[in-house]
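Chain A is the first sequence line, chain B the second, and so forth, proteins listed ahead of strands; every chain is numbered from 1.
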There are 2 protein chains.
Amino acid sequence: MDGLTKIDDLGQPRVVIVGGGFGGLALAQSLAKVPVQVVLIDKHNYHAFQPLLYQVATAGLAPDNIVAPFRKVLGKQKNFYFRLAEVQAIDATAQVVETTIGLLRYDYLVLATGATSNFFGDKMMQEYAVTLKSVSDALELRNTLLANFEQALQLGDQEQLNSLLDFVIVGGGPTGVEMAGALSELRANVFPQDYRELDLKQMDIHLVQSGPVLLKGMSAEASAQSLADLQAMGVQVWLNARVKSYDGYTATLNTGEKLVTRTLIWAAGVTGAPVAGLSAECLGPGNRYLVDEHNRVMGYDNVFALGDIALMKAAAYPDGHPQVAQPAIQQGRLLGANLAHLLAGQLMQPFEYSDKGSIATIGRNRAVADLKLFGREYHLGGFPAWVAWSLVHVLALVGYRSRIGVAFTWAWNYWSQDKGLRYIIGQVKSEPVVDAGATAGKAIS
Amino acid sequence: MDGLTKIDDLGQPRVVIVGGGFGGLALAQSLAKVPVQVVLIDKHNYHAFQPLLYQVATAGLAPDNIVAPFRKVLGKQKNFYFRLAEVQAIDATAQVVETTIGLLRYDYLVLATGATSNFFGDKMMQEYAVTLKSVSDALELRNTLLANFEQALQLGDQEQLNSLLDFVIVGGGPTGVEMAGALSELRANVFPQDYRELDLKQMDIHLVQSGPVLLKGMSAEASAQSLADLQAMGVQVWLNARVKSYDGYTATLNTGEKLVTRTLIWAAGVTGAPVAGLSAECLGPGNRYLVDEHNRVMGYDNVFALGDIALMKAAAYPDGHPQVAQPAIQQGRLLGANLAHLLAGQLMQPFEYSDKGSIATIGRNRAVADLKLFGREYHLGGFPAWVAWSLVHVLALVGYRSRIGVAFTWAWNYWSQDKGLRYIIGQVKSEPVVDAGATAGKAIS
C-alpha cells in the first residue's frame with residue numbers, strides 16, 4: 001500500500017504540525033506529555049537556526065553548527081513522528097493535508113510555515129537578488145562570494161572588478177546590519193591575506209535602508225549606535241533610499257545613484273508562506289493567517305497557526321506580533337499547553353507576548369541590545385552587548401553539540417580574528433564573468 | 001587584459017603545481033624558503049582529507065572538519081599563489097599549461113593530480129555506482145542515505161523497501177572496510193532511534209571483495225581481524241566475489257547471487273588522472289606517469305609527477321608505490337628539497353619510501369594497525385589500534401582548527417555512540433522511488 005499507511009494509528013488524536021521552525025519545534029516539544037500523536041512535516045529533515053545563517057554565508061560558522069535534525073532532537077519523544085515532505089494543500093472538510101508523499105489525516109492542524117522573502121512584486125529583483133532564508137541560501141552566498149573573488153583575480157577592467165568585489169545589502173533591519181558588519185570584517189581581517197593580489201580598498205559594502213533609521217524595531221540608541229558602528233567599519237549606509245531596480249549587475253536607487261554589483265542581498269522584508277486550501281477570508285495583511293488569542297485560525301475549529309505565518313491582533317500589536325523568534329516560541333509553548341486543556345475539556349489560555357528585548361550584532365565587540373528586565377529597559381552597546389548577544393544565541397541553539405560547536409568556533413574566530421570556513425563546496429550558480437573560451441589561447445603569463 | 005596577467009612576475013623561476021592533495025600540498029609547503037614562485041592550481045579552493053571522507057558520508061564528521069582552504073593554509077607563505085581552475089592540457093614545448101582561466105607559463109611543472117575511481121570499463125557501473133573521492137561525493141552519499149530512509153517509511157513492498165535499506169560496498173580495501181563498519185554502527189546505534197517505524201533488522205550491509213582476504217595490503221593478522229570484526233558487526237562479507245553488473249537496482253555477483261540495492265558504493269580500484277599533452281610513452285600502467293627516482297617524468301627535463309599519479313619503479317616496488325598518502329607526502333617534501341638543489345646546481349637526492357605502516361578502522365574500539373617501528377613490525381587490534389588510528393588521523397589533518405574540531409566530534413560521537421550530522425543539505429540526486437502523483441489522492445492515513 002502506498003501513501004502514509006505506515007504512520008501508526010495510535011488511537012489518539014493526531015496533531016499535524018506543518019513546519020519545524022522556532023514555533024513548530026517548540027510546539028512539538030511541548031506536546032511530549034500530552035496524550036496525542038505528534039506528526040511534524042517539514043521540507044527539510046532538520047531545524048535551521050535562522051538568526052545565524054548570515055554567519056554561514058560569511059564563512060564564520062559551518063552549516064552543521066546551526067542545524068539540528070528533527071529525528072535527533074525529538075527522537076526520544078515517544079509520541080513524535082516526522083515526515084520529510086512538502087504540504088501542498090489542506091482539505092479542511094475532510095481534515096486531510098495533501099503532501100508530496102501522500103495524504104495525511106489530522107485531528108488538529110497547526111500551520112507554522114513561517115515567512116519568505118518579500119520582493120514587493122519586483123520580478124527582476126526576485127530573479128537576481130540573493131536571499132538568506134535557508135541553509136542552501138547561505139551556502140550559495142558563501143560559494144558565490146568566494147568564487148567571485150577568485151574570478152576577480154583575472155580581471156583588469158575596473159568596473160567588472162568592482163562588480164565582483166562590491167556588495168549591496170537592501171534592508172536595514174537586523175539581517176542587513178549583521179550581514180554588512182560581517183562582510184566588513186572579512187574585508188578588514190581575512191581577505192587581505194587570502195587575496196594579496198587584490199586591492200581590497202576597492203571592495204565596497206553598501207547598506208540601503210528605506211526609512212530614516214537602521215534597526216527601526218529597536219530603541220533610538222540602538223539605531224544610532226549601529227549606524228555609527230557600521231560607518232566606522234567602512235560600510236556606506238544609504239538612509240531614506242530604496243533600490244528601484246536591479247538587473248544582476250547595476251542597482252539603481254530612487255535617488256538616481258547607480259551601484260554596480262553582482263551580489264545584491266535582499267533583506268528588506270518578509271511575507272507569509274501560507275498553504276493552499278483554506279478560505280481567502282482567513283488570510284490577512286502580509287499573507288498571514290488571522291488567528292484569535294488561542295492561535296485558532298478564524299473560521300476553523302481545529303486549524304491553528306503560529307509564528308511568522310500568524311497574525312494575532314492584540315492591544316499592543318494591532319498589526320500582529322513582530323515576525324521574529326520570540327513570539328513563535330512563546331506561542332508554540334502555549335499552544336501545546338492549550339491543546340492539553342482542550343482535550344481535557346478545560347479552558348484555553350489567551351496568548352500574551354512577553355517581549356524580552358532585542359539584540360543585533362555588528363561585529364567583533366560591537367553590538368546593540370535593548371533588554372527588558374524587571375519592567376525596565378536597558379540599552380547596551382559595544383562589548384557588553386556583544387557578549388550578551390553571543391550568550392543569548394548560543395543558549396538558544398538546539399542541542400548541546402551545536403552550542404559547544406558554535407561557542408568554540410566563535411572563540412576561535414574571536415582570538416584569531418579569522419573566519420576559517422572559506423570553502424566552496426558544491427555548485428556555484430553565478431555565471432562566469434570571463435568567457436574561458438575567449439581567454440584560452442590568448443594572453444600568456 | 002585577460003588571462004593570467006595578474007600573476008606577478010617575480011623574476012624567479014615559477015613552479016606550477018597541478019593538484020593540492022597530499023603530495024601537491026606537501027610540495028608547496030616545502031618550497032616556502034626556496035627562491036621560486038609557487039603557483040598551485042586546483043579545481044577546488046580547498047584541500048580535502050580523503051581518508052575521512054567516508055565519515056562525512058556516514059554523518060560522523062562535518063565536511064568543514066576535513067577541508068582546509070588553500071588560501072588559509074598557505075596564505076602566509078610569501079612565494080605562494082593560488083588559482084582556482086582546471087588544467088586542461090600541457091604544452092611542453094612552449095612550457096605552458098592551458099587552464100579554464102587562461103594560459104600559464106611555467107619553468108617547472110609538477111603534476112600531482114591524484115587518482116580517480118577505476119570502473120574497469122564498466123559503463124553502467126560508472127553511471128549507477130556511488131564513489132567516495134571528493135567532498136561532493138561524500139555529501140551526496142550522506143544525502144542519498146538519509147533520503148532513502150525517509151522514503152522507506154512510505155513503502156510496504158518488501159523488495160522495494162530492501163532496495164532502499166540495503167547497501168552493497170564493492171572493494172575490501174581500507175575504504176570499503178571503513179565504510180562497512182560505519183554503516184554498521186549507524187544501523188546499530190543511530191537509526192533505531194531515528195527510524196523507530198522501520199524494522200532495521202531488514203537493513204543489510206554487503207561487502208564484496210574480489211580476492212580471498214580483506215585489506216590485502218596489510219598483514220595476515222590485520223586481514224583476519226578485520227573480517228572477524230565486520231562479521232561480528234553483522235556485515236555480510238563476500239570473498240572471492242565480484243559484481244558482474246549493476247543496473248541501479250540489482251547487483252549481480254559472479255557467483256550468480258543477486259543483491260537488490262539502490263546504493264552501491266564503488267571502492268574497488270583507482271586509476272590515475274593524467275592531463276592531456278604529454279607523450280603517450282610516459283604513461284605507464286594504471287594511467288600513471290613513469291618517473292625516475294627524482295620524480296622527473298620520463299623524457300622531460302622540467303616536468304615532474306608525484307603521488308598517486310606517478311609510477312616510480314623501485315626494487316621494493318616494481319609496480320610503483322602504493323597509491324596512498326604517505327608516498328605522496330614524502331615525495332612532495334623531497335621534491336621541494338630537490339628543486340632547491342637543482343637551482344643551486346647541486347645533485348638531487350633519489351627517493352626512498354619509508355613505509356611507516358598501515359591502519360584501518362572498523363568501528364568503535366575496533367581497528368587494525370601494522371606499525372613499522374625501529375625495524376620491527378607490530379600488529380595491533382581492537383582498542384589500542386583504534387586509539388592509534390585516531391591519533392594518526394587527527395595529527396595528519398591540516399590545521400589546528402580541523403584537529404580540534406575532529407577530536408571534539410570524535411570524542412562526542414564516542415561517548416554518545418551517536419553520529420550527529422544527519423542532515424540532508426542540498427540536492428538529492430536519487431530518483432524518488434514512489435511516484436508522488438500516483439499516491440496523492442489515494443490511500444489516506
Judged by atom type as modelled, is there a donor-acceptor pair below 3.5 Å linking the side chain of Asn79(A) to the main-chain atoms of Val36(A)?
-> yes
Under a 4.5 Å heavy-atom cut-off, does chain A meet the side chain of Lys43(B), its backbone, both or neither?
-> neither
Taking only residues two or more places apart in sequence, or in another chain, which ones meet Glu86(A) in a side-chain hydrogen bond (donor to acceptor under 3.5 Å, both in side chains)?
-> none
Tell me, for Glu98(B) versus chain A, whether the close heavy atoms (under 4.5 Å) come from the side chain, the backbone, both or neither.
-> neither
For Ala57(A), the side-chain contact (heavy atoms from CB on, under 4.5 Å) test, sequence neighbours excluded, returns Leu132(A), Ala138(A), Leu141(A), Met179(A)
Contacting region of Ala68(B) [heavy-atom separation from chain A under 4.5 Å] = backbone
Asp107(B)/Arg105(B) ion pair, N-O < 4.0 Å | yes
